[in-house]
Amino acid sequence: MPRVGRGGDELKLLGVWDSPYVNRVQIVLNLKGLSYEYVEEDLMNKSDLLLGSNPVHKKVPVLIHNGKPIAESRVIVEYLDEAFAAGAGGSTGASVLPSDPYERAVARFWAAYVDDKVRPAWLAILFGSKTEEERAAAVAQAVAALETLEGAFGECSKGKPFFGGDGVGFVDVVLGGYLGWFTAIDKLIGRRLIDPARTPALAAWEERFRATDAAKGVVPDDADKLLEFRQTLLRWSASKAK
């Protein structure tokens with residue numbers, strides 16, 4: 001049965017342990033201090049619950065709140081921020097999105113930028129590169145996006161520790177979800193993707209983010225385990241293509 005949280009709310013999260021999108025939802029649930037049941041899915045044999053809860057995309061994460069499913073990680077994060085607003089209904093934890101409309105729009109812009117620019121490079125590095133040249137091009141694409149985010153960090157943080165200011169915010173959560181796989185990429189390419197020499201503010205941010213209570217135990221940090229899982233996914237994809 002789903003765990004019953006504040007006010008009798010039942011929250012269940014369908015996910016896989018290594019998904020950046022699942023990780024970002026887990027981080028927000030932790031930030032909000034919300035109890036929830038986590039259900040690990042097998043992407044090679046998806047459950048009826050997942051297929052019925054997200055019939056359009058058939059992907060994780062899916063959050064089920066009092067029997068009602070919500071899909072897509074950024075949508076779920078915003079839903080949690082509204083449904084469990086800070087100071088409302090006994091909720092704990094700060095808001096993920098700013099209260100100021102302009103600052104909220106800026107946060108949404110940069111969160112979308114992360115998924116529009118970092119995501120395709122991340123996928124290309126790990127799963128789409130057939131040659132070293134293709135991988136190098138994907139790494140260059142990721143580095144360029146991160147250099148842009150280095151500048152965005154200064155704009156959003158206003159000299160404070162996180163994109164969200166004093167605490168973890170929307171952009172922190174969206175970018176932070178990728179940090180587990182960045183660990184694997186670092187080992188794969190033999191250097192840090194978030195390079196302290198190129199992007200010192202982001203490198204310092206990464207250390208702070210990983211150290212937060214909300215991210216500990218959620219963001220994977222075992223590069224070998226991630227790379228082993230990557231090989232499993234590549235073999236499965238190859239078998240499906242035959």
Side-chain angles (χ1 to χ4, degrees), residues 17-24 26-27 73-74 106-231 233-234:
W17 65 275
D18 68 304
S19 166
Y21 317 108
V22 174
N23 292 163
R24 60 178 62 158
Q26 291 173 299
I27 289 164
S73 63
R74 292 200 334 249
V106 170
R108 285 175 173 145
F109 173 86
W110 286 114
Y113 178 88
V114 171
D115 280 345
D116 289 345
K117 299 298 183 181
V118 174
R119 179 181 180 274
W122 164 71
L123 288 171
I125 293 167
L126 289 165
F127 304 106
S129 301
K130 294 183 174 62
T131 66
E132 288 300 320
E133 290 77 13
E134 288 178 351
R135 180 174 294 158
V139 169
Q141 180 184 349
V143 168
L146 291 167
E147 287 176 342
T148 299
L149 287 167
E150 175 86 356
F153 180 78
E155 174 191 349
C156 295
S157 69
K158 299 180 177 64
K160 294 180 178 179
F162 298 99
F163 282 93
D166 289 317
V168 170
F170 193 40
V171 185
D172 299 285
V173 168
V174 171
L175 181 59
Y178 289 103
L179 291 180
W181 277 106
F182 281 11
T183 303
I185 289 172
D186 291 349
K187 184 160 188 176
L188 194 65
I189 67 176
R191 61 183 178 87
R192 285 185 63 179
L193 198 58
I194 299 181
D195 184 353
R198 282 179 176 266
T199 52
L202 272 190
W205 164 84
E206 178 182 359
E207 291 186 13
R208 287 192 295 270
F209 184 86
R210 287 179 180 273
T212 61
D213 290 338
K216 284 179 182 176
V218 171
V219 176
D221 58 5
D222 188 334
D224 291 330
K225 184 179 179 182
L226 286 161
L227 290 173
E228 182 180 339
F229 187 66
R230 168 180 172 266
Q231 288 302 122
L233 290 175
L234 287 171

> Rounded to the nearest 0.5 Å, what separation is found between the CZ atom of Arg230 and the CG atom of Asp18?
Replying inline: 12.5 Å
> Can you list every pair that meets salt bridge (Lys or Arg N to Asp or Glu O under 4.0 Å) and has a residue in residues 159-181, with sequence neighbours left out?
Replying inline: Lys160-Asp166
> Mind checking what makes ring-ring contact (aromatic ring centres under 6.0 Å, His included) contact with Phe229, not counting sequence neighbours?
Replying inline: Trp17
> Side-chain contact, heavy-atom cut-off 4.5 Å: Thr148 with Lys117?
Replying inline: no
>> Less than 4.5 Å apart, side chain to side chain, heavy atoms only: is that true for Leu146 and Phe182?
In response: yes
> What pairs with Glu155 under side-chain contact (heavy atoms from CB on, under 4.5 Å), at least two apart in sequence or on another chain?
Replying inline: Val106, Trp110
> Distance only, no hydrogens: is a donor on one side chain within 3.5 Å (strictly under) of an acceptor on the other, for Tyr21 and Arg119?
Replying inline: yes
> Looking at residues at least two apart in the chain, or sitting in another chain, which of them share a side-chain contact (heavy atoms from CB on, under 4.5 Å) with Gln231?
Replying inline: Leu234, Arg235
> For the residue pair Ile125 and Arg135, what are the closest heavy atoms and their distance?
Replying inline: O-NE, 3.4 Å
>> Working to the nearest 0.5 angstrom, can you tell me the gap between Leu227 CG and Leu188 CG?
In response: 6.0 Å
> Between the main-chain N or O of Ala223 and the side-chain N or O of Trp181, is there a donor-acceptor pair closer than 3.5 Å?
Replying inline: no
Counting only pairs under 3.5 Å, give me each side-chain donor-acceptor contact of residues 192-201, with atom names and distances, residues two or more places apart or in other chains.
{"unit_1": "Arg192", "atom_1": "NE", "unit_2": "Ile194", "atom_2": "O", "d": "3.3"}
{"unit_1": "Arg192", "atom_1": "NH2", "unit_2": "Glu206", "atom_2": "OE1", "d": "3.1"}
{"unit_1": "Asp195", "atom_1": "OD1", "unit_2": "Ala197", "atom_2": "N", "d": "3.0"}
{"unit_1": "Arg198", "atom_1": "NH1", "unit_2": "Glu147", "atom_2": "OE2", "d": "2.7"}
{"unit_1": "Thr199", "atom_1": "OG1", "unit_2": "Asp195", "atom_2": "O", "d": "3.1"}

> Distance from Ser19 atom OG to Tyr178 atom OH, nearest 0.5 Å?
Replying inline: 9.0 Å
> Between atom CG of Leu179 and atom CZ of Arg210, what is the distance when rounded to the nearest 0.5 Å?
Replying inline: 5.0 Å
> Of all residues at least two apart in sequence or in a different chain, which pass the salt bridge (charged side-chain N to carboxylate O under 4.0 Å, His left out) check with Asp116?
Replying inline: none
>> Could you measure the distance from the CZ atom of Phe209 to the CG atom of Leu202? Nearest 0.5 Å is fine.
In response: 12.5 Å
>> Tell me which pairs pass salt bridge (Lys or Arg N to Asp or Glu O under 4.0 Å) where either residue lies in residues 213-225, with sequence neighbours left out.
In response: Lys187-Asp224
> Under the side-chain contact (heavy atoms from CB on, under 4.5 Å) test, which residues partner Glu228, sequence neighbours left out?
Replying inline: none
>> So which atom in Glu134 and which in Gly128 form the shortest heavy-atom distance, rounded to 0.1 Å?
In response: OE1-O, 3.9 Å
> Do Val174 and Val118 come within less than 4.5 Å of each other through their side chains, counting heavy atoms only?
Replying inline: no
> Mind checking whether Val139 and Arg191 have side chains closer than 4.5 Å, heavy atoms only?
Replying inline: yes
>> Run the salt bridge (charged side-chain N to carboxylate O under 4.0 Å, His left out) test against Glu133 and tell me which residues pass, sequence neighbours left out.
In response: none
>> For Thr212, give me all partners under side-chain contact (heavy atoms from CB on, under 4.5 Å), at least two apart in sequence or on another chain.
In response: Phe162, Val168, Ala214, Ala215
> Lys130: what forms a salt bridge (charged side-chain N to carboxylate O under 4.0 Å, His left out) with it, not counting sequence neighbours?
Replying inline: none
> Under a 4.5 Å cut-off applied to non-hydrogen side-chain atoms, are Phe163 and Trp205 in contact?
Replying inline: yes
>> Run the salt bridge (charged side-chain N to carboxylate O under 4.0 Å, His left out) test against Asp115 and tell me which residues pass, sequence neighbours left out.
In response: Arg24, Arg74
> Do the side chains of Glu132 and Ile189 get nearer than 4.5 Å, heavy atoms only?
Replying inline: no
